[in-house]
Number of protein chains: 2
Amino acid sequence: MAQVTIREVARTAGVSPATVSRVLNTSETVSPDLKERVLAAVRDLGYRPNSQARSLRTRATTVLGVIISDITNPFFTAMVRGVEDVASAAGYSVVLANADEDLRKEQRYLEVAAAEQMAGVLLSPASATETSIDVLAERGIPVVTIDRRLKSADVDWVMVDNHRAAKEATLHLVEQGCRRIGFIAGRLGTTTGAGRLAGYRAGLRAAGLPSARELVVSGEFRIDGGREATERLLALPDRPDGLFVSNNLMTIGAVDALDTAGVRFPDDIALVGFDDMMPALSLRSQITAVSQPTYEIGRQATELLLRRVSGEPFPERHITLNAELKVRESSIRA
Amino acid sequence: MAQVTIREVARTAGVSPATVSRVLNTSETVSPDLKERVLAAVRDLGYRPNSQARSLRTRATTVLGVIISDITNPFFTAMVRGVEDVASAAGYSVVLANADEDLRKEQRYLEVAAAEQMAGVLLSPASATETSIDVLAERGIPVVTIDRRLKSADVDWVMVDNHRAAKEATLHLVEQGCRRIGFIAGRLGTTTGAGRLAGYRAGLRAAGLPSARELVVSGEFRIDGGREATERLLALPDRPDGLFVSNNLMTIGAVDALDTAGVRFPDDIALVGFDDMMPALSLRSQITAVSQPTYEIGRQATELLLRRVSGEPFPERHITLNAELKVRESSIRA
DNA sequence: ACGTTCCGAGAAATCGATTTCAGAAATCGA
DNA sequence: TCGATTTCTGAAATCGATTTCTCGGAACGT
């Protein structure tokens with residue numbers, strides 16, 4: 001219960017605190033005799049340095065923060081594996097925070113990261129324009145954004161080419177003979193949401209199809225958002241014959257709404273999603289989807305972040321990875 | 001970039017650091033004039049107290065740690081919502097760590113929690129016997145375990161009655177006419193895994209059915225674990241006519257293995273899982289499952305933890321919540 | 001009017017580590 | 001052998017906050 005301090009270790013080893021610190025942290029030479037006594041004392045007392053005192057002095061921690069926008073989204077949890085593997089190999093710990101697509105929560109966690117002097121932060125911003133990383137920038141804490149970008153700040157990022165991927169998916173639906181393709185957009189305030197919408201429109205344009213305003217419905221990146229959007233599209237007098245849902249959770253909602261309405265895919269409507277679901281959904285219903293290299297995004301983002309953390313200077317770095325359209329049953333019309 | 005310290009605030013306000021601290025933290029009276037000047041200086045300089053320095057002095061933080069055993073498991077992520085809601089209402093932040101069912105990682109995160117002097121920790125231990133929370137106990141950091149218990153430590157916990165739930169599920173399969181019920185167990189080293197197995201056996205006993213050793217297969221709490229276990233059961237000369245899978249991710253693997261083998265449920269085999277999947281799987285395939293009140297587990301565990309954090313003394317508290325068997329298509333044999 | 005109590009605010013100690021500084025001992029060179 | 005240099009170690013300063021201690025002046029009672 002009583003905290004073991006460096007002073008007690010020093011006392012039982014019969015040396016000064018400075019010597020204890022030298023033995024534990026630096027490569028300065030300490031006579032073998034003292035070194036031995038210090039290590040023995042550390043072992044016996046079960047000494048564990050107080051990391052707050054240490055990082056107060058050194059202004060450095062070995063904790064990385066990951067602030068993600070929705071912890072229930074498998075996309076993020078899969079990515080976190082990549083983050084953890086790289087981080088722990090480099091001796092860093094990873095703590096996660098769930099901003100829940102809420103700017104206030106996000107801001108609070110950014111402040112926590114700043115106050116805790118985290119070594120670096122990975123962030124998927126809730127908004128491209130309203131999210132501010134000033135509190136981190138002020139303290140020189142490096143940030144890499146993942147999955148989404150920030151409009152203002154000059155920050156490293158790692159993401160896929162949403163525009164291209166969405167265009168490709170749209171053209172795939174066109175090839176399957178779709179002429180009225182509905183698009184369920186996520187939060188347009190995110191670069192991800194906007195990029196995918198633009199890609200969809202580009203796809204229609206490239207195919208020479210008109211882009212009807214009523215075919216684009218946007219909602220939250222949630223299951224409910226996808227369900228409601230789908231219901232609205234199904235209520236149109238002239239129903240779409242193709243549907244492109246720009247997020248995985250929304251796709252689940254869309255499938256549910258289609259089931260409920262008795263609309264079958266691919267027969268009545270060709271369906272394409274974005275991001276693989278958990279293995280769960282895809283196993284049973286084989287949904288065509290744009291698949292992102294989630295693990296790789298986490299891995300590369302973390303490597304980038306650690307280079308920043310180490311103080312290495314290099315120009316703003318942007319990494320664009322490839323997303324792959326995985327064609328499965330839900331979009332194939334014989 | 002330069003950190004704004006309390007000293008600078010004091011200087012620009014023309015007061016001592018002690019006064020600044022008093023204005024910001026305590027209810028001690030400070031003359032309105034000085035108070036005003038301090039607040040103005042804080043605002044102008046954008047002062048943000050260094051939480052390390054503060055908690056070094058006060059030995060207290062407002063961060064709760066949640067160490068879960070698998071971040072990709074929807075059960076945990078759903079629970080975290082309950083945690084966050086309660087915590088943030090009380091002014092606490094929540095950081096997550098993913099121990100990944102790995103004792104070493106778990107231990108590392110426990111040490112991080114100790115070193116960071118977190119106010120309290122919620123833990124789903126990787127092992128009932130090998131996980132040690134000594135590092136936290138030594139520093140007086142309260143712990144509440146969730147979903148699983150620890151054998152040794154006298155610690156508060158919140159979980160469901162796994163034994164009863166598993167027994168009920170088993171009896172349900174018996175009622176459906178099953179006579180050879182396979183059981184896919186998770187890690188028996190966890191109280192959860194062991195409790196569910198015991199419940200299954202109790203169910204068989206209550207129904208007067210023999211419990212055949214070859215019908216129980218255990219594996220990791222993972223999709224692959226469920227797939228492999230199912231394959232082994234299907235390879236038995238005398239195939240089971242019912243299958244109870246004791247974890248959600250494993251259930252996904254089991255469904256996959258059944259599909260691959262061309263075994264249909266509920267016709268060829270009646271299937272019951274534990275924990276709802278993401279809405280994903282259940283939507284499409286309607287799997288009967290023991291459903292846990294995940295949000296509620298998170299909520300109550302956090303309330304308990306916060307009471308401990310506040311120093312309130314009360315005897316070791318154990319909360320058992322009810323799990324509900326949700327009967328769906330996968331187990332109904334006409 | 002004078003001594004006592006109370007109150008507000010600054011000076012200084014403190015939390016637990018790291019790091020600078022300075023001094024004693026050991027080593028080296030001539 | 002003696003002075004110069006190097007090596008090792010402890011004392012003390014430091015990080016940025018909070019909290020205790022202390023003291024001057026105002027308020028109060030007799």
Side-chain angles (χ1 to χ4, degrees), chain A residues 1-39 41-42 45-63 111-112 114-117 138-140, chain B residues 1-39 41-42 45-63 111-112 114-117 135 138-141:
Chain A
M1 114 164 29
Q3 165 97 278
V4 180
T5 73
I6 198 173
R7 214 169 301 272
E8 297 177 50
V9 174
R11 186 142 27 87
T12 53
V15 300
S16 75
T19 301
V20 175
S21 175
R22 277 191 272 258
V23 169
L24 297 178
N25 305 307
T26 75
S27 52
E28 291 174 61
T29 48
V30 172
S31 80
D33 169 37
L34 294 193
K35 190 168 188 170
E36 189 44 54
R37 270 157 49 201
V38 167
L39 292 177
V42 165
L45 299 177
Y47 169 65
R48 225 167 267 291
N50 178 318
S51 71
Q52 266 140 353
R54 158 183 278 162
S55 73
L56 175 59
R57 184 68 234 252
T58 62
R59 335 184 127 278
T61 60
T62 56
V63 176
E111 280 169 20
V112 169
E116 301 280 336
Q117 315 251 78
E138 278 167 16
R139 311 212 169 189
Chain B
M1 109 168 29
Q3 166 97 275
V4 180
T5 74
I6 199 174
R7 214 170 300 272
E8 297 177 50
V9 174
R11 185 141 28 87
T12 54
V15 300
S16 75
T19 302
V20 175
S21 175
R22 278 191 270 258
V23 169
L24 296 179
N25 304 307
T26 75
S27 52
E28 292 173 59
T29 46
V30 173
S31 81
D33 170 36
L34 294 193
K35 190 168 189 168
E36 187 45 52
R37 269 155 53 198
V38 167
L39 291 176
V42 166
L45 298 177
Y47 169 65
R48 224 168 270 291
N50 178 319
S51 70
Q52 266 139 353
R54 156 182 282 160
S55 70
L56 174 59
R57 185 67 233 254
T58 61
R59 330 184 131 282
T61 60
T62 55
V63 176
E111 280 171 20
V112 169
E116 300 281 336
Q117 316 250 77
V135 289
E138 278 167 15
R139 311 212 169 190
I141 298 177

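In what follows, every chain begins at residue 1, and chains take the letters A, B, ... in the order their sequences are listed.
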When Ala53(B) and Thr26(B) are each assigned the nearest nucleotide of DNA chain D, the 5'-most assignment goes to Ala53(B)
Let me know the distance between CD of Glu8(B) and P of dG16(D), rounded to the nearest Å.
9 Å
Under 4.0 Å between any heavy atoms, over every strand shown, what does Thr29(B) touch: base, sugar-phosphate, or nothing? Just pick one.
sugar-phosphate
Taking it one step at a time, do Asn50(A) and Gln117(B) satisfy side-chain contact (heavy atoms from CB on, under 4.5 Å)?
CA-CA 8 Å; Asn50(A) 178 318; Gln117(B) 316 250 77; 3.6 Å; yes
Run the numbers on Thr29(A) and Arg22(A) for side-chain contact (heavy atoms from CB on, under 4.5 Å), then give the verdict.
CA-CA 8 Å; Thr29(A) 48; Arg22(A) 277 191 272 258; over 6 Å; no
Donor-acceptor contact present, side-chain Gln52(A) to main-chain Leu56(B), <3.5 Å
no
Asn25(B) side chain N/O closer than 4.0 Å to the phosphate oxygens (OP1, OP2) of dT18(D)?
yes
Report the nucleotide, chosen from dG10(D), dG8(C), dT18(C), that has the shortest atom-to-atom distance to any side-chain atom of Ser31(B).
dG8(C)
Watson-Crick or G-U pairs under 3.5 Å in DNA chain C, rendered as dot-bracket with [ ] for crossing pairs and | for another strand:
||||||||||||||||||||||||||||||
Among dA17(C), dC15(D), dA11(D), the one nearest any side-chain atom of Arg7(A) is dA17(C)
Which listed nucleotide (dT14(C), dA17(C), dG10(C)) is nearest to the side chain of Arg57(B)?
dT14(C)
Whole-Å distance, Ile6(B) CD1 to dT14(D) P, equals 18 Å
Nearest whole angstrom, please: distance from the P of dT9(D) to the CD of Glu28(A).
10 Å
Nucleotide nearest Leu34(A) when distance is taken to its side chain, options dT19(D), dT14(D), dT9(D)
dT9(D)
Would you indicate which nucleotide in dA17(C), dG10(C), dA9(C) comes nearest to any side-chain atom of Thr5(A)?
dA17(C)
Rounded to whole angstrom units, what separation is found between the CG atom of Leu56(B) and the C1' atom of dA17(C)?
8 Å
Separation of Gln52(A) atom CD from dA17(D) atom P, in whole Å?
14 Å
Less than 4.5 Å apart, side chain to side chain, heavy atoms only: is that true for Ser21(B) and Ile6(B)?
yes
Counting side-chain heavy atoms from C-beta on, which of dA17(C), dG10(C), dG10(D) comes nearest to Arg22(A)?
dG10(D)
Flag, side chain of Ser55(A) to backbone of Thr61(A), donor-acceptor distance under 3.5 Å
no
Result for 5'-nearest mapping on DNA chain C, choosing between Leu24(A) and Ala18(B), is Ala18(B)
Whole angstrom is fine here: how far is it from CG in Leu45(B) over to P in dG16(D)?
14 Å
Whole-Å gap separating C1' (dG16(C)) and CZ (Arg139(B)):
10 Å
Between Val20(B) and Arg7(B), does the side-chain contact (heavy atoms from CB on, under 4.5 Å) criterion hold? Intermediate values first, please.
CA-CA 9 Å; Val20(B) 175; Arg7(B) 214 170 300 272; over 6 Å; no
Does Val30(B) reach a base, just sugar-phosphate, or nothing at all? Heavy atoms under 4.0 Å.
sugar-phosphate
Starting the side chain at C-beta, find the nucleotide from dG10(D), dG16(D), dG10(C) nearest to Thr19(A).
dG10(D)
Strictly distance-based, threshold 3.5 Å: is any side-chain N or O of Thr12(A) a donor or acceptor partner for the main-chain N or O of Val9(A)?
yes
Nearest-Å distance for atom pair CZ/C1', residues Arg11(B) and dA11(C):
17 Å
Check: Val15(B) main-chain N/O paired with Thr19(B) side-chain donor or acceptor under 3.5 Å:
no
Below 4.0 Å: OP1/OP2 of dT18(C) and any side-chain N or O of Arg54(A)
yes
For dA17(D), does OP1 or OP2 lie under 4.0 Å from any side-chain N or O of Tyr47(B)?
yes
